[in-house]
Protein chains: 2
Amino acid sequence: MNNIPKPTKTELAILNIMWQISPATVRQIHEEIIKNGKTSYTTTLKMLQVMHQKGLVSRNSEHKAHIYEPAMSKKETQRQMLDDLKNRLFGGSISSLVLQALGSNAKTNQSELDEIKALLEKVEQDSI
Amino acid sequence: MNNIPKPTKTELAILNIMWQISPATVRQIHEEIIKNGKTSYTTTLKMLQVMHQKGLVSRNSEHKAHIYEPAMSKKETQRQMLDDLKNRLFGGSISSLVLQALGSNAKTNQSELDEIKALLEKVEQDSI
DNA sequence: TACAATATACGAGAAACTTCGTTAAACACT
DNA sequence: AGTGTTTAACGAAGTTTCTCGTATATTGTA
């Protein structure tokens, strides 16, 4: 019922902008979008209308120019999409996903590694 | 030129089967598919034809029944899709992705954790 | 050889996603 | 009020993805 669908490629691009500048009008979002590639204003508008219809964004229609906001935080969306990928390509195993992610990318800086290690300790505590 | 596209949702479901049982005929793959849901044989056939056209699978047409194989290993596909998700939702940061993955899922068993820690050590060595 | 079974090829339709033009309403300014 | 600007709504066309029926070719066998 209240289930928000996984955003499509284009919808995700719009959400990425909105997590930075929302609450925002269609105009403001569109200004950001056209910084990398041309699109009509009405295309952006239509996307937001469809996203609102799907429940991906909420909006305030009090003013002439509606004000939009993402329905989910970036973190929640990250969790949702990671979970989806985990189930569809990693047999449901998050550790398999993490191993692959770390293994295929060696250039991770020290503070990030420390952060990961710290979190790992915490996860270890919880799981014992 | 030689670039293999990211598989779609349905294509990925087929690839998951193929990584288990390929090389295989359409018939064999289709038998697996219908174990969870009904689909026509020709649908499976068409999917494989399109996937071959896209370069997602290779095939041997010597025999009457063509024999199909994935063009990419599961590992390579995992890397490709993880990379895509990283770029589209994690600002290109793999550690941010890993943190989110570990944080949102506490039920990871000890041997998996050990494996992750070992890999982390190795990554740390390389990056110094 | 003729018939049945099994395979491929192909195109058409359905569904989801994306783009954009047209229309009408709200607003701002002289 | 009248004109020009900005906005929302809507529908339609283009694209990609998925599903399936029909036609055709190959193989095996009575």
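Every value quoted in this text rests on a predicted model; they were computed, and no experiment measured them. Every chain is numbered from 1 and lettered A, B, ... according to where its sequence line falls, protein lines coming before strand lines.
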What does B:Y41 touch in the nucleic acid at a heavy-atom separation under 4.0 angstrom: a base, only the sugar-phosphate, or nothing?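 The residue B:Y41 makes base contact.
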Please confirm whether the backbone N or O of B:I17 pairs with a side-chain atom of B:Q20, one donor and one acceptor, at under 3.5 Å?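 Checking the backbone N and O of B:I17 against the side chain of B:Q20, no donor-acceptor pair under 3.5 Å is found.
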Near DNA chain D, under 4.0 Å by heavy atom, which residues of residues 22-30 of chain A?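 The stretch gives A:V26, A:R27 as the residues lying under 4.0 Å from the strand, ordered by number.
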Nearest-angstrom distance from the residue atom CG of B:L48 to C1' of C:dA7: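 So the CG-C1' distance, B:L48 to C:dA7, works out to 13 Å.
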Nearest whole Å is fine: how far is C:dC17 P from A:L12 CG?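 Roughly 14 Å, once rounded to whole Å.
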Partners meeting side-chain hydrogen bond (donor to acceptor under 3.5 Å, both in side chains) with [X] (sequence neighbours left out):
| X | value |
| --- | --- |
| B:K38 | none |
| B:S93 | B:S95 |
| A:S73 | A:E76 |
| A:R88 | A:D84 |

Quick check: on DNA chain C, is the nucleotide nearest A:V50 upstream (toward 5') of the one nearest B:Q49, or the reverse? Name the residue that is more 5'.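 Final value for this comparison: B:Q49.
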Does the side-chain contact (heavy atoms from CB on, under 4.5 Å) test come out yes or no for B:L97 and A:L97, once each step is laid out? CA-CA 10 Å; B:L97 185 154; A:L97 185 155; 4.0 Å; yes
Which two nucleotides bound the region of DNA chain D that has atoms under 4.0 Å from heavy atoms of chain A, read 5' to 3'?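 Range of nucleotides touched by chain A: D:dT6 to D:dG11.
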Please determine whether a side-chain nitrogen or oxygen atom of [X] lies at a distance below 4.0 Å from atom OP1 or OP2 of [N].
| X | N | result |
| --- | --- | --- |
| B:R59 | C:dA9 | yes |
| A:K54 | C:dC17 | yes |
| A:T8 | C:dT18 | yes |

Report the end-to-end axis angle of the helix from C:dT1-D:dA30 to C:dT30-D:dA1; each axis comes from five terminal pairs, and the value is rounded to 10°.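 Taking the rotation axis at each end, their angle is 10°.
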With rounding to the nearest 0.5 angstrom, report the CD to CD distance, A:E31 to A:Q28.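 Between A:E31 CD and A:Q28 CD, I get 9.0 Å after rounding to 0.5 Å.
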side-chain contact (heavy atoms from CB on, under 4.5 Å), that's the test. Do B:L89 and B:Q100 meet it? Break it down for me. CA-CA 11 Å; B:L89 190 55; B:Q100 178 63 42; over 6 Å; no
Quick test of your reading: applying salt bridge (charged side-chain N to carboxylate O under 4.0 Å, His left out), list the pairs with at least one residue in residues 43-53 of chain B, sequence neighbours left out, ordered by first then second residue.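 Every candidate salt bridge (charged side-chain N to carboxylate O under 4.0 Å, His left out) pair involving residues 43-53 of chain B fails, so no pair, neighbours aside, qualifies.
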Does anything in residues 54-64 of chain B form a salt bridge (charged side-chain N to carboxylate O under 4.0 Å, His left out)? List the pairs, not counting sequence neighbours.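 Sorted result for residues 54-64 of chain B: B:E11-B:K54.
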What does the B/S/- profile of nucleotides 20-30 of chain C look like, 5' to 3', with a 4.0 Å heavy-atom cutoff to protein? BBB---BS---
B:L102 and B:I116: side-chain contact (heavy atoms from CB on, under 4.5 Å), yes or no, with the steps? CA-CA 10 Å; B:L102 287 174; B:I116 293 171; 4.2 Å; yes
What residues form a side-chain contact (heavy atoms from CB on, under 4.5 Å) with A:E69, not counting sequence neighbours?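 Here the qualifying residues are A:S22, A:P23, A:S58.
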Listing request: all ring-ring contact (aromatic ring centres under 6.0 Å, His included) pairs with a residue in residues 41-77 of chain A, at least two apart in sequence or in separate chains.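 For residues 41-77 of chain A, and leaving out neighbouring residues, the ring-ring contact (aromatic ring centres under 6.0 Å, His included) pairs sorted by first residue read A:H30-A:Y41.
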